Amino acid sequence: MFSPGRGEAAAELVRTSPLLDLPPGSRVLDLCCGPGLFLVPLAARGHSVTGVDLSPAMLERARTACADAGADVRLVRADMRHHVEPEAYDVVLSVFTSFGYFDDPDDNLQVLHNAWKNLAPGGRLLVDVMGKEVLAGWIGRPQAVDLPDGSYIVQRDTVLDSWRRLRTDWTLVRGDTARTASIRSFLYSAAELHDLFEAAGFTAVECFGGFDASPYDQHSRRLIVTGIREEESR
Ligand SMILES: C[S@@+](CC[C@H](N)C(=O)[O-])C[C@H]1O[C@@H](n2cnc3c(N)ncnc32)[C@H](O)[C@@H]1O
């Protein structure tokens with residue numbers, strides 16, 4: 001999930017994506033920043049960057065990555081259900097399927113409400129997930145990834161609750177040992193996530209099929225939804 005290849009891809013996206021083409025000095029919140037793959041290139045572009053994550057281990061990796069790159073980034077340990085710094089940001093990012101983790105749908109909506117509160121009027125939220133329509137195109141095929149040390153990871157996806165949710169199981173096979181991990185998360189169609197943005201107060205909601213700002217259609221590999229906290233709304 002956090003391979004060096006993904007770090008390079010994140011840096012390339014920050015350099016080239018029209019959706020990440022932010023005015024210099026933007027105040028950016030990377031919600032669920034993980035090991036900081038987006039933090040470093042965002043800071044390198046001159047933005048004022050904060051990374052929030054619940055995992056101390058992830059934050060430690062992010063701290064090391066930022067220190068190694070000489071990136072001045074603020075890191076905060078917090079649960080996305082509760083993290084609110086009113087009007088402190090111009091942009092809130094939630095990338096690489098970091099949304100929809102909570103069993104109670106109201107908790108997922110609360111995350112969007114918090115993003116709305118965290119944004120200054122005129123600010124923008126971007127959520128990047130695996131759309132339900134995209135997943136339907138390839139789910140069911142087990143996927144294996146070989147790692148440089150000879151071990152490999154097998155990923156299996158299982159649809160739950162009439163396509164409301166997804167369970168992803170990973171098995172890491174190293175020599176004659178195997179370790180497993182699972183995540184359950186909500187699955188959203190473009191229409192469902194669009195409606196959730198509006199329920200949280202966002203306007204000018206748009207759906208894209210990738211960081212290149214292509215339309216969300218049958219060619220898409222991701223679902224990216226953006227919305228604005230209007231200047232005078234609420
Ligand atoms: C799929 S990873 C994505 C990380 C990062 N956005 C990236 O692109 O590499 C999801 C991250 O969400 C974090 N996370 C999970 N639950 C959280 C919560 N309740 N509040 C804040 N962060 C959480 C995890 O620790 C993990 O780093």
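Here the structure is a predicted model, which means the values were calculated and not measured. Note that the numbering runs from 1 along the sequence shown for the chain.
Within 6.0 Å of the CG atom in Asp72, the count of heavy atoms belonging to other residues, nucleotides or ligands does not exceed 12.
Residues Thr226 and Phe197 share a closest heavy-atom pair of C-CE2, 3.7 Å. When all heavy atoms of Leu160 and Leu166 are compared, the closest pair comes out as CD1-C, 4.3 Å. Considering all non-hydrogen atoms of both residues, Gly201 and Trp116 come closest at O-NE1, 3.2 Å. The minimum heavy-atom distance between Ala65 and Pro35, with the atom names listed, is CB-O, 3.9 Å. Nearest heavy atoms, Val134 versus Met130: CG1-SD, 3.6 Å. The minimum heavy-atom distance between Cys33 and Asp53, with the atom names listed, is N-OD2, 3.4 Å.
Each of Leu125, Thr203, Val205, Leu119 was checked for a side chain to side chain contact (heavy atoms under 4.5 Å, CB included) with Ile228, and the lone residue meeting it is Thr203. Each of Leu37, Leu20, Val40 was scored for a side chain to side chain contact (heavy atoms under 4.5 Å, CB included) with Val14, with one residue passing: Leu20.
Taking the charged nitrogens against the carboxylate oxygens, Arg229 and Glu87 do have a contact shorter than 4.0 Å, which makes a salt bridge. Between Arg156 and Asp169 there is no salt bridge, since none of the side-chain N atoms of the basic residue sits less than 4.0 Å from a carboxylate O of the acidic one.
Atoms CG and CZ, from Asp21 and Arg45 in turn, are 6.0 Å apart once rounded to the nearest 0.5 Å. Atom CG of Leu13 and atom CZ of Arg6 lie 9.0 Å apart (nearest 0.5 Å). Taken from OG in Ser26 to CG in Leu42, the straight-line distance is 9.5 Å, to the nearest 0.5 Å. The CG atom of Leu223 lies 8.0 Å from the CG atom of Asp128; values are rounded to the nearest 0.5 Å. Leu54 CG to His83 NE2: the interatomic distance, rounded to the nearest 0.5 Å, is 12.0 Å. One finds the SG atom of Cys32 at 13.0 Å from the CZ atom of Phe96 (value rounded to the nearest 0.5 Å).
Proximity of a side-chain donor or acceptor of Tyr89 to a complementary backbone N or O of Glu85 within less than 3.5 Å is not detected. At distances below 3.5 Å, not a single donor-acceptor pair connects side-chain atoms of Glu133 with backbone N or O atoms of Asp217. A donor-acceptor pair under 3.5 Å links the side-chain atoms of Thr16 to the main chain of Glu12, judged by distance alone.
Within the 4.5 Å cutoff, the side chain of Leu39 has heavy atoms near those of the Leu75 side chain. A 4.5 Å side-chain heavy-atom check between Gln143 and Val154 finds every atom pair outside the cut-off. Residues Leu196 and Phe99 are in side-chain contact: their nearest non-hydrogen atoms beyond the backbone lie under 4.5 Å apart. The shortest side-chain heavy-atom distance between Val225 and Tyr188 does not fall under the 4.5 Å cut-off. Contact check for Val92 versus Leu126: no side-chain heavy atoms found under the 4.5 Å cut-off. Two residues are said to be in side-chain contact when any heavy atoms from C-beta on lie closer than 4.5 Å; Arg179 and Val173 fail this criterion. Looking only at side-chain heavy atoms (C-beta outward), Trp170 and Val145 stay at 4.5 Å or farther from each other. Looking only at side-chain heavy atoms (C-beta outward), Phe211 and Ile224 come within less than 4.5 Å of each other.
Neither side chain, Gln110 nor Asp106, offers a donor N or O lying under 3.5 Å from an acceptor on the other. For the residue pair His194 and Glu192, no side-chain donor N or O sits within less than 3.5 Å of a side-chain acceptor on the partner. Using modelled atom types and a 3.5 Å distance limit, the side chains of Asp212 and Ser214 yield a donor-acceptor pair.
Relative to the six-membered ring of Phe186, Arg165 meets both conditions, a distance below 6.0 Å and an angle of at most 45° to the axis.
Residue Val84 is not grouped with residue Leu112 when hydrophobic side chains (ILVMFWY) are merged at heavy-atom distances under 4.5 angstrom, including chains of intermediate members. Hydrophobic clustering places Val111 together with Val76 (ILVMFWY residues linked when any side-chain heavy atoms are closer than 4.5 Å, directly or through intermediates). Hydrophobic clustering, with ILVMFWY side chains joined whenever heavy atoms are under 4.5 angstrom apart, groups Leu187 together with Leu109.
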Please lay out, stage by stage, how Leu135 and Trp163 fare under the test side chain to side chain contact (heavy atoms under 4.5 Å, CB included). CA-CA 10 Å; Leu135 191 79; Trp163 283 91; 4.3 Å; yes
Hey, mind stepping through His47 and Val91 against side chain to side chain contact (heavy atoms under 4.5 Å, CB included) and telling me if it holds? CA-CA 10 Å; His47 302 310; Val91 177; over 6 Å; no
Side chain to side chain contact (heavy atoms under 4.5 Å, CB included) evaluation trace for Leu22 with Asp90: CA-CA 9 Å; Leu22 315 173; Asp90 303 304; over 6 Å; no
I'd like to know whether Thr50 forms a side chain to side chain contact (heavy atoms under 4.5 Å, CB included) with Asp30, so could you lay out the CA-CA distance, the side-chain angles of the two residues, the decisive distance to 0.1 Å, and finally the verdict. CA-CA 6 Å; Thr50 296; Asp30 184 357; over 6 Å; no
